[in-house]
Each structure stands twice: as C-alpha cells, then as structure tokens.
Amino acid sequence: MPRFSVIVPVFRVQAYLHECLESVLEQTFTDLELIAIDDCSPDASGTIVDEFAARDPRVRTVHLAENVGLGRARNAGLERATGDYVIFLDSDDSLTPDALHAISDRLKSTGGPDVLVYDYVRSCWTGRTAPNAMTAAHLTEEGPASFTLDDRPGLLRVLHVVWNKAYRREFLERAGFTFAPGYYEDVSWTYPVLVTAESIAVLDRVCVRYRQRRRGAITCSPGRRHFEIFGQYDRVFAYLDAHPETEHWRPLVFRRMLDHFSTVFTAPDRLPRGSRAAFLRRARTYCRRYRTPGAIPPVRTRIRHTLVRLGAHRSYRALHAARALQRRVRRAAVAVQRAVRAAVLQIHYRVQRLLPLRENDAVFSAYWGRGYVCNPAAVEAKVRELAPHIRTAWIADPAHHHTIPPATRRLTPGTAAYWTALARSKYLVNNVNFDRRLVKGRGQVYLQTQHGTPLKRMGLDLLERPAAVGDTDVQRMLANCDKWDYVLSANRHSTLVWERVYPADYATLEYGYPRNDVFHRATGKDVARLREALGIPRDSVAILYAPTHRDYRRTQLHAIDLERMLRSLGPSFMVLTRSHHLSAIPPVGNDSSRLIDVSDHPCVESLCLASDALVTDYSSLMFDYAHLDRPIVVYADDWEAYEAARGTYFDIRSFPPGAVATGEDELIDIFTTGEWRGPRSAQRRAAFRERFCPHDDGDAAERVVRHVLLGETAGLPSAVPSKERQAAAPGPRQEPETTVTPSTSAP
C-alpha cells in the first residue's frame, strides 16, 4: 500500500502531459502510485501515459471507452486507488519539487488528518507567476496542528478546487464521496468534504503550479455548459439538507455561491454572447431557493449580491463597467501623479547639476539598492577610516537601511536627496549601475567595482546567446560603460574580459576585490562568533551551498536533494543553502537544525567565513572562497546545457578549485570518501588560487581609496605575493599546514 495515490485525469493535454507526469515521478518522495485516466482523449495523451507506464511500475493507466468528463474520470481513479492518501492533479498542472516530501512530513506532524490543504501558484502562459493572495491568512501553520472547519471557517474562501488538498482515502470511502458529472464538479466535492472532515490541517507551502492556459481550459472556453454551475450548487445544498449537523454552514456557502455566480457572470470568456441575462435570471432563482437567514454579505459585496438576487443584469453590467472605469481612472491618475513627480525631480536634478560639485562627497550603492554589501561597502568603510574628511552616503531601498552604518548618510532611490547626491557628489561608487538617467558631470569620478570574477560570459559576449541576453539594451549598456572612470579587477583574467566585453575609455585597477579583505583580517574568534550566530554546532561540518542562476530555466530549481545528501553524510554535517538573488528558490527541507536557508543573510562573506566547505556550480563565489584555502566542490550536473545557454570563458571541470561532481551520487561520494579535503583537491585549489587570487591580500580597499579618492597614484601598498602572504582566516577546524605545489596546467 503506497503512501500516496496521485490521480491524473487526462484529456487533450498532450502538450503538457510530460511535464505533469514527470513532476510526480521525479519527486524525492517515491512511495506513490500514479493513476492516469485516459478519458478517451482524441490526441496522443493515451499513448503518452502508456509510455510512462512501460518505464515506471508506479504508473497505472486506465483507458475509458468513452469520454465521461473530469469528475467521472476522477471517480475511475478513486476506484483503483490503494494509497493512504489521495491527491488529485490536473494533467496540465504540475507538482513543485519536493512537494510530496513536504506533504508527507506535514501529515505525520499533524497526526494524519482527514484533509490537508496546501498552497499553489498560478503559472500564466506568458511566463508570469502569481501567488494565491487569498491563502496567506488561511494557511498559516500557527495554532493547533489539526482542527475542524469550525475553527477556521475562512478555509471556505480558499479556491474551491480539488487539487490543492490531500485526502485520507479511508475518510473518503467511509463518507462515500464521489464526483458529480459536468462543469464545476469541484464545487459539489469541496464543500461537502470540508464541512464533513473531522480533522483538517494546512501546509503553508506551494505544492502545485496551476497552469493558466491561453486556450483550451474550461475557464477560457465560452459555452452553455457554464450553466452547469447551478446543478453543482443543487448538489451542495442537497448534501447539507441530508446532513443536519452541517446546517450552520448554509449562510457561508450561500455567500460563496453568490460570489461564484458573480465570477462566472463577469468573466469575459465563459458565457456565450446573448446568454448573460438568462444566466442572471437563473442566479436570481437560486438566490430565492437557497437564501438562508444570517447570510448577510460583507458591505463591500452587498450591492453586487443584491443585484444578483434581483437578476438585474443590465444594472449589474453597468455597475461592473463603472467599477472597471473607476479602476482605470484611478490607475491613470496614479500614473499621471508619478509622471508629474518624476518630471519635477528631473527638473530638480538639472538644477542641481548646474551647481558646483561637493568635492568631499561620495555616494555609494550596490546591487540595485539591496543594502550595504560587496565591494562598495568595503571601499566605503575604508574611506571613513583613511579619508574622514569625505562625507559618504549610501543609496538603498528603505527595507535595507538598517544595514547601513550609522556614520553613513542613508538615501532612498527616487527622492530629491537621491538626485541631489548623484548631481553634486564628486565620487560615485557602485558594483552595478546607477539610474540610467544619471548624467556624469564634469569633475565627477565614477568607480565601477564589479562584483565577481567572470566565469560565465558577460556584456558583448552575450549577443550571440539569446537565452542569456534576454531583453538587454546593448546601447544603454554601452552608454553606462562610457560613464565609468575606473573599473576594479581581481586578476588578469578579469581585466582582459572587462576591457573586451565592456569597451569604454576607463582605467582598469587590478587591485583585487575589497570585499575579500575581511578574509585576511578575520580571526579565529571572529569565525567562532559567526558560527554561533548562525546556529552551527562546534563539532559540525558546515557546507555552504550556493548555486548560480540558470538563464535557460524559467523556473529555478535546487539541483541537489539536500535532505538526501544530509541523510547520507550523517549527523556531523549540515548545509547552509543560499539561493542566487535572481532565482528566488523557496527554502527547502524541514530539518531546520541541519538545513538552514541563508538566502536572506545580508553578508555572504560572513557565510564563507563560518563554513567549512563550499559546494557551488558556476557561481563566481568560488573565486572569492578560494582565498580562504578551504575545500571547494564544483557540482557540474548540467554543464552542457549551461555552456550552450550562457557560455563560459573556460571549462571549470578542466581547471577546478577542487573536486568535481557531475551527479548527486558522485557528490555524496566525494564527501563520504574524504576526497573533498584530500591532497588532490588541495592541489587543485592551490593552482586555482595562484591564478585567480594574486592581489587579494587584505589591502585591496586601501589601494582603491588611496588611488581614486586621495589621488595617491605612487607609493601604493603593493600586493603581497601569495607565497609570502599571511594565511587567511583560520577555518573552524584548522588542520596542520601541508605544503601543496600548485599545478601549472591551466586552460
């Protein structure tokens, strides 16, 4: 008996079916059966499910002799289900990675409820995804682990679909629940199930991607069959009548019925032309038939419900049009207000540009306002130390103002003070670019610090990589480059790349990256303090997992099953997982003691210092981490796809900073055998550090400040050769030093 029976009704979905079925079969939780019901589909869907069944014994297929519709097809799956819990999935939707693992864990922790409700995300055909706004308050896991609907009546406001829940099969069989035929069959299933369940639990996690198709879905197919919604509510109220103990739910179900009628009536792609009046007259009949004392709707929907009850379709449509016009007017007014404000600010900026520069002002920013981080932060701190006469300001969104030191002025993008600083400050420092409307004035000095050593292709090298270049405006990119006076570089490789892909009249300062100075100045006590703050036990091996963004993937996924990896490595290992800032991969896993999501941690350098090893794929973080002389493992499971989409400047597999894994089992083996910190890995790391870390000796920020802001072009502190350099911050488990001879091979 499997843990889950996943029932997938299939009809005319051949374009989406592979993704749906693979999302189930590729789950890390494997104790399941997948029951695919071919509802006499006229396309190749039946053949596809047979192909899946031939290669995976967990797949069971049923071919119906005639098309019976979604509800009856699900019934056919229910008859054959043997799992503890039943999950329904529409064949154009998909499960998110690790969804079944999360559902199983939540079922265990809540005592095996009759129903578990989880979250979903809408995935539009345009590529845009949108979370379900109604679930935030209703799916919170605070409070009792399991409850009844009386404790959380708001669950009836969550979209009444069948596929955002897991159902205990014994509960369904005992209550005799089956699906009714016709459109909107979810209605006559969801309400009876929820009001009957003796125990309900929630999981505040997105487990389903709900595909919004451009064509073909019921919700965007006009026709008279949308009138079948009335019969579904007949079945709901008949169920309530037959079960007197559920009578107190009639008022709320009645209000939800009116909301649903309103949705169908106003939707542009459901009711056929000329049928709206008849639909609303029918709705009026149902309002009179099932109206219940106490079914008073909220004030904001009272007028709409009244018009439905009266069947006043012309008044309703006029009201709907008036509200739509009101929304458009409001949006237009907001747009005009913003345009006027922007115009005023630009006038202010032009006036400020006519005024003299403030010779002792410097303005800094990083990563489009994401806080006090990276090379600009290290330079700003050194400015306050070496040049206290220079007044510094930092541009960041208000949410990140708390990261800025008290001695530094805080600026919010788009304000008058922001534009004044850009116009009047002599020094401009950023690791990306300032607002495109910035006009660099005479005498201003722009320092572009960059934010990593390039492994993946950048700038002009992306013009032949459509998956990576996207909608990049090349002319604007080059116009930004023309504003730069200085560009920082960490090594000769970076220098050659920057000058080719960002061609402009600037000076390259091959001084190393200031953000890495902390690696050479931190002490063992600093490392211990950082580990304690992150909750890393003294005897644990902390692996920092930091994957980079994939241009060829619309949805970013964790390439490694980290929980499986930790189970294999044992209790002495833990993982700090940090998503790329463009990826927004949700936190993974439920074992907070050994798997910690640190994506929101403000300082990646602190994470590096606190960890024992780095696992990454093609992230530039490996070049910075190499300064610490701690183990690095490259996980290159999709090298060919990444190289084809983004392109790289050399094959990291041929010249890696440590061991290389091309699959999950190989990665686990690297750690279990000790190869991750063995002599071969150390030799590779030494060669990598020799090539890419020649200048980072702890004084990069000082060289930058003295050259750019103090004008000391002679007598700057020279970079200490790597062989004479003081060791970087000691690792959490510093072992006796061993002499490693760097390999001379390089790409």
Side-chain angles (χ1 to χ4, degrees), residues 363-368 374-376 379 422 425-515 548-549 551 582 618-620 623-624 642-652 691-696 700 703-704 707-709 711 713 716 719 746-747:
V363 62
F364 297 77
S365 190
Y367 293 124
W368 305 278
C374 198
N375 291 318
V379 174
L422 291 184
S425 300
K426 179 171 182 177
Y427 302 103
L428 308 171
V429 183
N430 208 329
N431 71 348
V432 283
N433 282 299
F434 289 102
D435 192 291
R436 63 180 177 80
R437 292 167 291 181
L438 168 70
V439 178
K440 199 180 72 170
R442 180 177 298 177
Q444 283 189 307
V445 177
Y446 191 150
L447 170 63
Q448 167 59 254
T449 69
Q450 300 292 3
H451 51 273
T453 293
L455 172 63
K456 56 191 174 188
R457 292 188 177 274
M458 308 287 289
L460 294 182
D461 283 346
L462 293 180
L463 293 183
E464 297 180 358
R465 305 276 177 168
V469 72
D471 57 356
T472 301
D473 187 329
V474 176
Q475 294 303 319
R476 180 180 297 175
M477 178 187 73
L478 295 176
N480 285 328
C481 297
D482 288 336
K483 300 172 187 176
W484 302 343
D485 293 291
Y486 298 101
V487 172
L488 281 190
S489 171
N491 44 60
R492 179 55 57 87
H493 164 75
S494 298
T495 299
L496 298 178
V497 171
W498 299 146
E499 294 186 0
R500 186 179 70 256
V501 304
Y502 298 126
D505 189 20
Y506 53 76
T508 302
L509 303 180
E510 199 172 300
Y511 286 168
Y513 278 154
R515 68 183 183 186
T548 194
H549 180 74
D551 299 289
L582 293 177
Y618 321 114
S619 171
S620 65
F623 297 92
D624 303 289
Y642 190 86
E643 171 64 26
R646 182 66 189 239
T648 59
Y649 290 112
F650 64 91
D651 189 340
I652 193 64
R691 181 185 180 198
F692 293 110
C693 310
H695 305 295
D696 291 88
R703 287 190 284 272
V704 171
H707 185 142
V708 178
L709 285 88
T713 56
L716 295 179

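Starting from 1, each residue takes its place in the sequence as its number.
E643 places a side-chain N or O within donor-acceptor distance of the main-chain N or O of T648, the cut-off being under 3.5 Å. The backbone N or O of V432 sits less than 3.5 Å from a side-chain atom of Q448, completing a donor-acceptor pair. Listed for the N480 side chain is no donor-acceptor partner under 3.5 Å among the backbone atoms of R436. Checking side-chain atoms of Q444 against main-chain N and O of L422 turns up a donor-acceptor pair under 3.5 Å. With hydrogens and angles ignored, the 3.5 Å screen pairs a side-chain donor or acceptor of H493 with a backbone N or O of P454.
Scored by the side-chain hydrogen bond (donor to acceptor under 3.5 Å, both in side chains) test, H707 finds Y511 as partners (sequence neighbours excluded). Remark: R492 engages E510 in a salt bridge (Lys or Arg N to Asp or Glu O under 4.0 Å) (not counting sequence neighbours). Residues that satisfy the salt bridge (Lys or Arg N to Asp or Glu O under 4.0 Å) test with D435, not counting sequence neighbours, are R437. Partners of K426 under the salt bridge (Lys or Arg N to Asp or Glu O under 4.0 Å) rule, at least two apart in sequence or in another chain, are E359. For S489, the side-chain hydrogen bond (donor to acceptor under 3.5 Å, both in side chains) test picks out T495, with sequence neighbours left out. Residues passing the side-chain contact (heavy atoms from CB on, under 4.5 Å) test with A490, sequence neighbours excluded: T453, Y513, D696. Annotation: side-chain hydrogen bond (donor to acceptor under 3.5 Å, both in side chains) contacts of D624 (sequence neighbours excluded): R515, N516. Under the ring-ring contact (aromatic ring centres under 6.0 Å, His included) criterion, Y427 pairs with no residue at all, not counting sequence neighbours. Legend: residues meeting ring-ring contact (aromatic ring centres under 6.0 Å, His included) with Y618, ordered by chain and number and at least two apart, are W639, Y642. Under the side-chain hydrogen bond (donor to acceptor under 3.5 Å, both in side chains) criterion, Y649 pairs with D461, sequence neighbours left out.
The distance from atom CG of L455 to atom OG1 of T548, rounded to the nearest 0.5 Å, is 9.0 Å. To the nearest 0.5 Å, atoms CG (N491) and SG (C693) are separated by 7.5 Å.
Side chains of T449 and P514 form no contact here, defined as non-hydrogen atoms less than 4.5 Å apart. The shortest side-chain heavy-atom distance between V487 and Q450 falls under the 4.5 Å cut-off.
Shortest non-hydrogen contact noted between L488 and G512 is CD1-O, 4.4 Å. Considering all non-hydrogen atoms of both residues, F364 and P376 come closest at CD2-O, 3.6 Å. Between N431 and A366 the shortest heavy-atom distance is OD1-CA, 3.2 Å. The minimum heavy-atom distance between F434 and V363, with the atom names listed, is CZ-O, 4.1 Å.
Side-chain atoms of N430 and W484 form no donor-acceptor pair, as typed in the model, at a separation below 3.5 Å. In the model, T508 has a side-chain atom that pairs as donor or acceptor with a side-chain atom of E499 under 3.5 Å.
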Start with the C-alpha distance between M477 and N433, add both sets of side-chain angles, then the distance that settles side-chain contact (heavy atoms from CB on, under 4.5 Å), and finish with yes or no. CA-CA 9 Å; M477 178 187 73; N433 282 299; over 6 Å; no

Starting from the C-alpha separation in whole Å, work towards a yes-or-no answer on ring pair (Phe, Tyr, Trp, His ring centres under 6.0 Å) for Y506 and W498. CA-CA 10 Å; Y506 53 76; W498 299 146; 9.5 Å; no

Under the criterion side-chain contact (heavy atoms from CB on, under 4.5 Å), I'd like the reasoning laid out for V429 against V708: C-alpha separation, chi angles, the key distance, then a yes or no. CA-CA 10 Å; V429 183; V708 178; over 6 Å; no

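The salt bridge (Lys or Arg N to Asp or Glu O under 4.0 Å) analysis of residues 477-487, with sequence neighbours excluded, yields the pairs K440-D485.
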